Number of protein chains: 2
Amino acid sequence: MQQLALTPSFLGVKIDMGEKNLYTRCMNNKKTIGDLMHAHGLKKTPIRTGMLELFMAHDFALSASDIVAKMTAGHDKVTIYRALNSFEEHGILHRASEDGHGIKYAMCSSHCPDEPHTDKHAHFVCDVCHQTYCLEDVEVPEVEVSNEFSVSRANYTLCGICKKCKN
Amino acid sequence: MQQLALTPSFLGVKIDMGEKNLYTRCMNNKKTIGDLMHAHGLKKTPIRTGMLELFMAHDFALSASDIVAKMTAGHDKVTIYRALNSFEEHGILHRASEDGHGIKYAMCSSHCPDEPHTDKHAHFVCDVCHQTYCLEDVEVPEVEVSNEFSVSRANYTLCGICKKCKN
DNA sequence: CAATAAATGCAACATAGTTGCGTTTGTTTA
DNA sequence: TAAACAAACGCAACTATGTTGCATTTATTG
Ligand SMILES: [Mn+2]
Ligand SMILES: [Mn+2]
Ligand SMILES: [Zn+2]
Ligand SMILES: [Zn+2]
């Protein structure tokens with residue numbers, strides 16, 4: 001079970017190997033990165049291998065441009081985008097936040113503070129019409145978070161089909 | 001207290017006046033749109049008045065391009081963006097979702113489905129370094145939502161300062 | 001090694017949002 | 001009511017993010 005397939009010498013990608021536990025994400029059922037791709041009917045190419053190694057070597061989420069920047073061997077961003085889409089379609093990567101179709105604004109209520117703020121209610125984004133509704137009566141629930149993080153705002157967004165698009 | 005300042009004849013903006021209750025958002029403390037802007041030290045200009053009328057006439061959030069499209073008198077998008085920023089700074093509008101600095105991806109765990117999915121855990125986005133962390137052990141809390149909406153996914157994002165940036 | 005489908009690279013494009021700068025306009029105050 | 005001033009506007013140019021079409025290359029299978 002040689003796990004050395006993971007040695008990130010590839011492509012000149014510099015990877016800090018400090019956080020071993022990240023490996024468990026894909027290694028804990030005896031899968032190498034290559035096995036993982038093959039299991040999904042994807043080809044094991046240098047770029048895609050390098051990308052997945054990058055993901056395993058970081059404890060935070062990466063954007064397309066993060067990856068373009070970290071891969072030294074000047075690859076085309078189109079390739080990166082297509083690989084990310086493919087990984088997402090196969091459930092190898094998940095997106096760590098809804099992208100949204102641009103920023104949307106809504107009217108504040110009279111008890112809002114006179115400064116930029118996130119409101120205390122949840123929002124709903126329709127997958128069909130992409131409209132965003134303020135759910136004024138749905139409070140954002142609170143959660144317990146490790147005190148490594150100082151939380152100042154919370155955002156709760158539901159997705160699905162809106163009242164208009166259900167018909 | 002003539003509220004006719006609200007008649008949205010302005011700029012040829014077409015507004016459906018069906019939903020009176022939306023007016024309460026800024027009218028319930030005897031403020032007209034003009035008063036609202038003046039109270040914040042903003043000038044009452046035709047464009048900004050038209051924009052706020054648009055917001056009051058819709059029960060969903062609007063993007064900059066929504067507004068550009070709905071204002072018939074071809075205004076520059078830069079003006080719209082600057083007005084939105086200004087309204088947000090003054091707590092007149094709030095954004096209905098974090099924009100995020102592009103989509104971020106993270107590795108799925110082994111029990112994720114082999115298809116696109118939103119994960120069941122919360123995420124944390126740092127205001128300083130903009131890094132996104134998966135809070136694998138923080139479950140997204142469930143909420144009760146009006147059955148006008150069919151909810152298929154939920155997104156819970158916390159914002160603040162991350163462990164690295166606290167130092 | 002040959003066949004095939006997946007992956008890549010390039011060019012061109014689309015959308016969202018920003019910055020600088022000169023001009024116009026709303027509000028205040030004399 | 002005219003001048004003064006800051007806020008708001010419009011234009012041009014620019015950055016960032018993401019997409020599409022098409023020709024070429026490469027990984028896998030047999
Ligand atoms: Mn809202
Ligand atoms: Mn996650
Ligand atoms: Zn809808
Ligand atoms: Zn940070």
Side-chain angles (χ1 to χ4, degrees), chain A residues 5 10-11 32-52 61-71 73-90 92-93 95-105 116 125 130 132, chain B residues 5 10-11 32-52 61-90 92-93 95-105 116 130 132:
Chain A
F10 201 78
L11 290 169
T32 63
I33 285 181
D35 289 337
L36 184 65
M37 289 192 274
H38 288 159
H40 287 276
L42 304 175
K43 286 188 187 171
K44 175 180 174 279
T45 67
I47 295 178
R48 295 184 169 205
T49 306
M51 286 176 64
L52 292 182
L62 301 173
S63 66
S65 41
D66 287 340
I67 294 169
V68 171
K70 284 173 197 292
M71 307 271 277
H75 299 288
D76 197 289
K77 62 177 177 155
V78 177
T79 305
I80 308 292
Y81 278 109
R82 285 199 269 236
L84 288 172
N85 288 338
S86 176
F87 289 148
E88 189 189 11
E89 275 163 25
H90 287 88
I92 295 172
L93 298 179
R95 51 178 76 188
S97 59
E98 296 284 324
D99 129 59
H101 302 256
I103 302 173
K104 304 252 182 158
Y105 294 89
V125 180
H130 300 148
T132 299
Chain B
F10 203 77
L11 289 170
T32 63
I33 285 181
D35 289 339
L36 183 65
M37 289 192 274
H38 289 159
H40 287 276
L42 303 175
K43 287 187 188 172
K44 176 181 173 277
T45 68
I47 295 177
R48 294 183 171 206
T49 306
M51 286 175 65
L52 292 183
L62 301 172
S63 66
S65 43
D66 287 341
I67 294 168
V68 170
K70 283 174 197 294
M71 306 271 277
T72 53
H75 299 288
D76 197 288
K77 63 175 179 159
V78 176
T79 305
I80 307 293
Y81 277 109
R82 286 200 267 234
L84 287 172
N85 288 338
S86 176
F87 288 147
E88 189 189 12
E89 275 164 24
H90 287 88
I92 295 172
L93 298 179
R95 52 177 76 188
S97 59
E98 297 284 324
D99 130 59
H101 302 255
I103 302 173
K104 305 251 182 157
Y105 294 89
H130 301 146
T132 299

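What's counted below: heavy atoms across the whole structure, side chains too, no hydrogens, waters or symmetry copies. Below, chains carry the letters A, B, ... as their sequence lines are ordered, and counting in each starts from 1. Here the structure is a predicted model, which is why all the values come from computation and not from measurement.
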Quiz item: Of the candidate nucleotides dG21(D), dG10(D), dT28(D), which contains the atom at the shortest distance from the side chain of R82(A)?
Solution: dG21(D)
Practice problem: Rounded off to whole Å, could you give me the CG-to-P distance for the L84(A) and dT8(C) pair? | Solution: 11 Å
Quiz item: Rounded to whole angstroms, how far apart are NZ on K44(A) and C1' on dA27(D)?
Solution: 10 Å
Practice problem: For S65(A), report the nucleic acid contact type (base, sugar-phosphate, nothing); a contact means any heavy atom under 4.0 Å. | Solution: sugar-phosphate
Self-check item: Among dG9(C), dC9(D), dA12(D), the nucleotide that comes nearest once only the side chain of I47(A) is considered
Solution: dG9(C)
Exercise. For residues E88(B) and L84(B), determine if any side-chain heavy atom of one lies less than 4.5 Å from a side-chain heavy atom of the other.
Key: no
Practice problem: Figure out the CG/P separation between D66(A) and dA16(D), and round it to whole Å. | Solution: 13 Å
Practice problem: Counting heavy atoms from C-beta on, name the nucleotide in dT19(C), dT27(C), dC9(D) closest to the side chain of V78(B). | Solution: dT19(C)
Practice problem: Could you tell me the separation between the CD atom of E88(A) and the P atom of dG18(D), rounded to a whole number of Å? | Solution: 11 Å
Self-check item: K77(A), nearest nucleotide to its side chain (from dT27(C), dT17(D), dA27(D))
Solution: dT17(D)
Self-check item: Per R48(B) side chain, nearest of listed nucleotides dT19(C), dT19(D), dA8(D)
Solution: dA8(D)
Quiz prompt | Nearest non-hydrogen partners of L42(B) and H90(B), listed with the distance | solution = CD2-CE1, 3.5 Å
Practice problem: Answer yes or no: does a side-chain N or O of H75(A) lie under 4.0 Å from OP1 or OP2 of dT8(C)? | Solution: no
Exercise. Specify the separation, in whole Å, of atom OH of Y81(B) and atom P of dC11(D).
Key: 17 Å
Self-check item: Any T79(A) side-chain N or O less than 4.0 Å from OP1/OP2 of dG9(C)
Solution: yes
Practice problem: Drop me the distance from L36(B)'s CG to K44(B)'s NZ, to the nearest 0.5 angstrom. | Solution: 12.0 Å
Quiz item: For T45(B) and dC9(D), is the shortest distance between a side-chain N/O and OP1 or OP2 below 4.0 Å?
Solution: yes
Self-check item: Nucleotide of dC21(C), dG17(C), dT19(D) approaching A64(B) most closely (side-chain heavy atoms)
Solution: dG17(C)
Quiz item: Where the side chain of N85(A) is defined as all heavy atoms beyond and including C-beta, which of dA7(C), dT19(D), dC9(D) is the nearest nucleotide?
Solution: dT19(D)
Quiz item: Tell me: CG of D76(A) to P of dT26(D), nearest whole Å?
Solution: 15 Å
Self-check item: Distance, rounded to the nearest Å, where H38(B) contributes NE2 and dA7(D) contributes C1'
Solution: 12 Å
Self-check item: K43(A) NZ - dA6(C) P separation (whole Å)
Solution: 8 Å
Quiz item: Just wondering, do H75(B) and I67(B) contact through their side chains at under 4.5 Å, heavy atoms?
Solution: no
Quiz prompt | Shortest non-hydrogen contact from K104(B) toward A61(A) | solution = CB-CB, 3.7 Å
